[in-house]
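Presented below is the structure to which this report refers.
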2 protein chains.
Amino acid sequence: MSTWPDTALESLRAAGLRRGGARRAVVDYLAAQACCRSAQEIHDGIRGRGGEVGVASVYRALDTLVELDLVQRVDIGDGVARFEPTHEGTHHHHHLVCDDCGKVEPFTDAALERALERAAGRLGYELEQHDVVLRGACDGCRPGD
Amino acid sequence: MSTWPDTALESLRAAGLRRGGARRAVVDYLAAQACCRSAQEIHDGIRGRGGEVGVASVYRALDTLVELDLVQRVDIGDGVARFEPTHEGTHHHHHLVCDDCGKVEPFTDAALERALERAAGRLGYELEQHDVVLRGACDGCRPGD
DNA sequence: CTCCAAACGATAGCGATTCTCATCGCTGTG
DNA sequence: CACAGCGATGAGAATCGCTATCGTTTGGAG
Ligand SMILES: [Mn+2]
Ligand SMILES: [Mn+2]
Ligand SMILES: [Zn+2]
Ligand SMILES: [Zn+2]
């Protein structure tokens, strides 16, 4: 099994796409993150390393990657779309959002995944994806009780 | 047990807020819907009935209602925020979104709710809310197989 | 090496949401 | 009931995330 950036770049090539700098920079940036990032963060992050990408190219790259199911869009409800690599196996996770400070943390729960699968089975949809966001107060924001 | 609009208007009064027309119109409109609606839809819906609300007032009312936990924000990933009454008991539901045509449908699943509760118990957050969005192709958009 | 379409970056445009501010109208007081 | 004070409201300006446009660059097949 190869690493996610390798798989991603390979899939892009297989889809007949050229190997441009912008797409590669987005893939590399996302591969180095532990959780989802906004397009702005990605843009800034790449520029911070000296990369010269336009915002439009970042959005275009994300579009393509989402289309190929290599990247997943995460919506936590603040009006800003975030993106992270699609992990089928070991890194698959969902998100905890602190309503107070806005912190986003990943979490995993095998039993929940099973329940989601079963729930999906009961519905008439051909399911592609599922998103779960849990909201509340994080350790830091909880009034010390 | 009283109806949702009554509870909502009561909570607003209890919070020391005056009884203005805009907030009431938003509560009434939402109470009549089966699922989430966007701010635009709410605005248009109220005006269609002859109401004279500004968009700003709709957004302000929604803000307040969300703050008081009377209304829940639903984010299905199309860049438009939707809102629906917070139902604890019988009307609580989550959403199915068709990636193709964008249709949004509510669904309920008791086993899933139990799994969510248990998952929440395992995490260090003080949970307030949870959102689940399932995505895929709906009956109409699925290539007839 | 040449050539062309894909990919790019800058920037204008767009739609959703928020901000500003002058006005309006609850609500408690006299 | 008249009035004052202040929260609520509506119109429109401003912001912001995202998309469309367009001229330029460049990967890579021949
Ligand atoms: Mn999952
Ligand atoms: Mn639920
Ligand atoms: Zn994540
Ligand atoms: Zn709904």
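Every chain is numbered from 1, with letters handed out A, B, ... down the list of sequences.
Residues passing the salt bridge (charged side-chain N to carboxylate O under 4.0 Å, His left out) test with A:Asp28, sequence neighbours excluded: A:Arg24. Contacts of B:Glu10 classified as salt bridge (charged side-chain N to carboxylate O under 4.0 Å, His left out), with partners at least two apart in sequence or in another chain: B:Arg13. Every residue was checked against the salt bridge (charged side-chain N to carboxylate O under 4.0 Å, His left out) condition with B:Arg47, not counting sequence neighbours, and none meets it. For B:His130, the ring pair (Phe, Tyr, Trp, His ring centres under 6.0 Å) partners at least two apart in sequence or on another chain are B:His92, B:His94.
In terms of modelled atom types and a separation under 3.5 Å, the side chain of B:Trp4 and the main chain of B:Val27 share no donor-acceptor contact. Not a single donor-acceptor pair under 3.5 Å links the side chain of B:His43 to the backbone N or O of B:Glu41.
Residue-level contact check: A:Arg13 touches neither bases nor backbone, having no heavy atom under 4.0 Å from any strand. No contact: A:Gln40 has no heavy atom under 4.0 Å from any strand. Heavy atoms of B:Arg47 sit under 4.0 angstrom from primed sugar atoms or phosphate atoms, though from no base atom.
Other cluster members for B:Val80: none, since no ILVMFWY side-chain heavy atom sits under 4.5 Å from it. Apart from A:Tyr59 itself, the hydrophobic cluster it occupies contains A:Val55, where clustering links Ile, Leu, Val, Met, Phe, Trp and Tyr at side-chain heavy-atom distances under 4.5 Å.
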List, with names and distances, any nitrogen or oxygen atoms from the protein found under 3.5 Å away from nitrogen or oxygen atoms belonging to nucleotides 18-23 of chain C.
none

Are any protein N/O atoms closer than 3.5 Å to N/O atoms in nucleotides 28-30 of chain D? If there are, list each pair with its distance.
none

Between the protein and nucleotides 14-16 of chain D, list the N/O to N/O atom pairs that are separated by less than 3.5 angstrom.
none

Please list every donor-acceptor pair under 3.5 Å in which a side-chain atom of residues 115-123 of chain B meets a protein atom from a residue at least two apart or in another chain.
{"unit_1": "B:Arg122", "atom_1": "NH1", "unit_2": "A:Asp109", "atom_2": "OD1", "d": "3.0"}
{"unit_1": "B:Arg122", "atom_1": "NH1", "unit_2": "A:Asp109", "atom_2": "OD2", "d": "2.2"}

* Under 3.5 Å for both distances, Watson-Crick or G-U wobble, that's the pair rule; now give the dot-bracket for DNA chain D, with | marking pairs to another strand and [ ] for crossing ones. => ||||||||||||||||||||||||||||||
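Looking at A:Glu128 and B:Asp99, their side chains come closer than 4.5 Å, going by heavy atoms from C-beta outward.
Under the salt bridge (charged side-chain N to carboxylate O under 4.0 Å, His left out) criterion, the residue pairs touching residues 67-78 of chain B are B:Arg73-B:Asp75, B:Asp78-B:Arg82, with sequence neighbours excluded.
More than 12 heavy atoms of other residues, nucleotides or ligands shown are found within 6.0 angstrom of CD on B:Gln33.
We find that CD1 of A:Ile76 is positioned 14 Å from C1' of D:dG17, with the value rounded to whole Å.
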